[in-house]
Amino acid sequence: MQKEVKLFNTLSRTVETFRPIHEGAVSMYACGPTVYSFAHIGNLRTYIFEDLLKRVLLKAGYAVNHVMNVTDVGHLESDADEGEDKMEVAARKEQKSPWEVAKFFEKAFFKDCAELNILPPSIVCRATEHIEDMISFVKKLEDKGLAYTIDGNVYYDTSKFPAYADFGMLDLESMQEHARVEQDTRKKNSQDFVLWFSQSKYPNQIMKWESPWGVGFPGWHIECSAMAARYLGEHFDIHCGGIDHIPVHHTNEIAQSEGCFGHKWVNYWLHGEFLILDKGKMSKSKGGTLTIETLKENGFEPMHFRYLCLNAHYRGQLKFSYESLTGAKNAYETLNHKLADWKTEPASPLTTEDSSLLKKYSEEFWNALADDLNAPMGLSVMWTGLRDEKMSTAAKLAFFDEVNDVLGIVKSEKEQSLPPELAELIKAREAARKEKNWKLADELRAKLSDSGILIKDRENGTDWFWKK
């Protein structure tokens, strides 16, 4: 029996009780990275939100089939089919082929995700490996009279999809009046979008494929529809991404998918809000995009950033500053030191009062997260429980395990085998303590700390823990 979860559905603009298409299972598609550069922390906030969603659904008792695309085909700088091709720009800058650029930045993206304790998708699908799926999808739209071809470019005819403006609540008349002068003159309507490019501003583009309409490349929007259908079918539960996807990318996905299939495509749409930079305090970034590596260079760990993100509701803007990140770091390290201390205490059975309090706090925590992923409220409940003097250490550790399953703020593989050089440092420090060489013992403690090891001295020896 699954627990009840409520989610804000962009489709209805209301919080709804989640009802899956198939009992006990969730099909979920998340728009993945375009791998032409390092992911910035605004991008990564979205993936942390999606990870929280996935963890809540798992905790609720669902099996989650999570599909994420990787856009390794360059798409134009603007969602609206304008500007230079991102992959081509990156390839020129890095002096590599677009495929080499894509592989490099895809690896970097998933490294960031691992460091942020983001659970990996069930399926990662790359656009370059699904060109035939996209071509087949475009052909179906042509056969249904929903697409037209001009000069080798295939466009989706938005006038044939009456509900086009509904999802993004778009004012099409106003958009038509304010359409840019430098738009694609081949389009019948300014909102029409490209399904396949055989003609673009950049004829020397490297990433091209044969198609019924000429040698070219797919539009950005078609890849998500084609790959989601390939792995999740023509009707699935959840599609998520950032709010910037609502007015163009996801609006276009809905138009082409529901036009193709002739029925509702996705039941629940979830979108994460922006991370806003406090520009007055961004001088440390040297004017560049803030990435996980930037945060590390400034003395922060990736998990400090995850903790910061969980302090704001995913549907609210998060204002980033190094001051706010420092606050998150301090709270996070306090938590880890408490956990490290508690783990060294002798285990004891839970009392009746422990069990009662554990049940109370666990229910309060779950109720917060099951109400549209209210992580800030969940963290508040967590701290209230961990500070409750009526709860034993064993009960607090059990409660934290419940919390951590959902928030993912401490990596599960906490204690690994020590590398030989670190094991030798611990032995050397124990020897220094026996000889009462406190200066050397302190120096070795500092070296271990720099290597990520916390030390807890006991009368009969030394306990160690990986920093969380």
Side-chain angles (χ1 to χ4, degrees), residues 7-10 13 15 30-34 36-53 71 77-80 83 86 105 108-109 112-113 115-118 167-170 239-251 269-332 368-369 372-380 407-409:
L7 301 170
F8 182 87
N9 190 352
T10 305
R13 264 67 176 187
V15 175
C31 285
T34 302
Y36 65 94
S37 183
F38 293 107
H40 59 68
I41 60 174
N43 301 141
L44 294 169
R45 186 198 179 193
T46 298
Y47 298 112
I48 291 171
F49 135 62
E50 292 166 350
D51 184 61
L52 179 65
L53 168 62
T71 301
E77 287 179 346
S78 164
D79 287 357
K86 291 180 177 180
F105 287 115
F109 169 75
D112 285 346
C113 288
E115 291 186 331
L116 289 165
N117 205 24
I118 293 172
F167 183 71
M169 296 182 174
L170 306 177
H239 195 314
C240 41
I243 61 163
D244 51 321
H245 287 159
I246 295 172
V248 181
H249 184 45
H250 287 169
T251 286
W269 289 83
L270 274 74
H271 293 91
E273 252 286 4
F274 290 125
L275 179 144
I276 305 297
L277 297 182
D278 186 350
K279 294 181 180 178
K281 299 184 176 67
M282 285 296 105
S283 58
K284 293 181 183 178
S285 70
K286 302 177 183 178
T289 300
L290 284 173
T291 65
I292 288 298
E293 289 304 314
T294 313
L295 301 187
K296 288 181 181 179
E297 290 166 5
N298 283 280
F300 299 95
E301 294 299 323
M303 293 299 281
H304 299 153
F305 178 67
R306 182 183 179 100
Y307 189 89
L308 174 67
C309 289
L310 294 173
N311 273 277
H313 194 278
Y314 79 93
R315 286 198 291 116
Q317 289 187 352
L318 173 60
K319 188 173 183 179
F320 176 88
S321 69
Y322 280 108
E323 286 77 8
S324 62
L325 187 57
T326 297
K329 174 183 178 180
N330 292 339
Y332 185 81
L369 271 295
D372 196 29
L373 317 181
N374 195 337
M377 180 60 73
L379 282 171
S380 177
L407 298 185
I409 50 179

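Quick note: residue numbers are just sequence positions, from 1. Because only heavy atoms are used, hydrogens play no part in the values below, and waters and symmetry mates are left out as well, while side chains stay in.
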**Prompt:** Lys329 and Gly299: which non-hydrogen atoms are nearest, and at how many Å?
**Reply:** NZ-O, 3.1 Å
**Prompt:** Below 4.5 Å, heavy atoms only, C-beta onward: do Asn43 and Pro33 meet side chain to side chain?
**Reply:** no
**Message:** Going by side-chain contact (heavy atoms from CB on, under 4.5 Å), name the residues that satisfy it together with Ala328, two or more places apart in sequence or in a different chain.
**Reply:** Tyr307, Leu308
**Item:** Closest contact, heavy atoms only, His271 versus Ile243
**Value:** CB-CG2, 3.7 Å
**Request:** Verify, without hydrogens or angle tests, whether Tyr314 (side chain) and Ala375 (backbone) share a donor-acceptor contact under 3.5 angstrom.
**Result:** no
**Prompt:** Would Asp51 and Arg306 satisfy side chain to side chain contact (heavy atoms under 4.5 Å, CB included), going step by step from the backbone distance to the final call?
**Reply:** CA-CA 11 Å; Asp51 184 61; Arg306 182 183 179 100; 2.7 Å; yes
**Asked** Which of these, Ile48, Thr294, Leu275, sits in a side chain to side chain contact (heavy atoms under 4.5 Å, CB included) with Ile41?
**Response** Leu275
**Message:** Please check this pair: side chain of Thr291 against backbone of His40, looking for a donor-acceptor N/O pair closer than 3.5 Å.
**Reply:** no
**Request:** For the pair His239 and Trp269, name the ring-plane relationship: parallel under 30°, tilted 30 to 60°, perpendicular over 60°.
**Result:** parallel
**Complete:** d(Ser324 OG, Asn311 CG) to nearest 0.5 Å is 9.5 Å
**Fill in**
d(Leu270 CG, Asn9 CG) to nearest 0.5 Å is 7.0 Å
**Fill in**
Taking every heavy atom of Leu369 against every heavy atom of Gly378, the minimum-distance pair comes out as CD2-CA, 3.7 Å
**Request:** Starting from the C-alpha separation in whole Å, work towards a yes-or-no answer on side chain to side chain contact (heavy atoms under 4.5 Å, CB included) for Glu293 and Phe38.
**Result:** CA-CA 9 Å; Glu293 289 304 314; Phe38 293 107; 6.0 Å; no
**Prompt:** Could you give the distance from CD (Glu50) to CG (Leu373), rounded to the nearest 0.5 Å?
**Reply:** 11.0 Å
**Message:** If you compare all heavy atoms of Pro302 against all heavy atoms of Ile292, which two are closest, and at what distance to 0.1 Å?
**Reply:** CG-CG2, 3.8 Å
**Request:** Return the minimal non-hydrogen interatomic distance between Cys240 and Phe49, and the atom names on each side.
**Result:** CB-CZ, 4.3 Å
**Prompt:** Do the side chains of Asn117 and Ile409 get nearer than 4.5 Å, heavy atoms only?
**Reply:** no
**Prompt:** Angle class for the Tyr322/Phe300 ring planes (parallel below 30°, perpendicular above 60°, tilted otherwise)?
**Reply:** parallel
**Prompt:** What residues form a salt bridge (charged side-chain N to carboxylate O under 4.0 Å, His left out) with Arg45, not counting sequence neighbours?
**Reply:** none
**Asked** Would Leu325 and His304 count as a side chain to side chain contact (heavy atoms under 4.5 Å, CB included) if you check the C-alpha gap in whole Å, the side-chain angles of each, and the deciding distance to 0.1 Å?
**Response** CA-CA 7 Å; Leu325 187 57; His304 299 153; 4.2 Å; yes
**Prompt:** Got a second to check how far Thr46's OG1 is from His245's NE2, nearest 0.5 Å?
**Reply:** 8.0 Å
**Request:** List for me each residue that meets salt bridge (charged side-chain N to carboxylate O under 4.0 Å, His left out) alongside Asp372, sequence neighbours excluded, and say none if there are none.
**Result:** Arg315
**Asked** Which atom pair, heavy atoms only, marks the closest approach of Pro376 to Ala312?
**Response** CG-C, 3.6 Å
**Request:** Could you walk me through whether Ile246 and Phe167 pass the side chain to side chain contact (heavy atoms under 4.5 Å, CB included) test, one step at a time?
**Result:** CA-CA 7 Å; Ile246 295 172; Phe167 183 71; 3.9 Å; yes
**Message:** Taking side chain to side chain contact (heavy atoms under 4.5 Å, CB included) as the criterion, tell me which of Leu290, Asp112, Leu295 meets it with Phe305.
**Reply:** Leu295
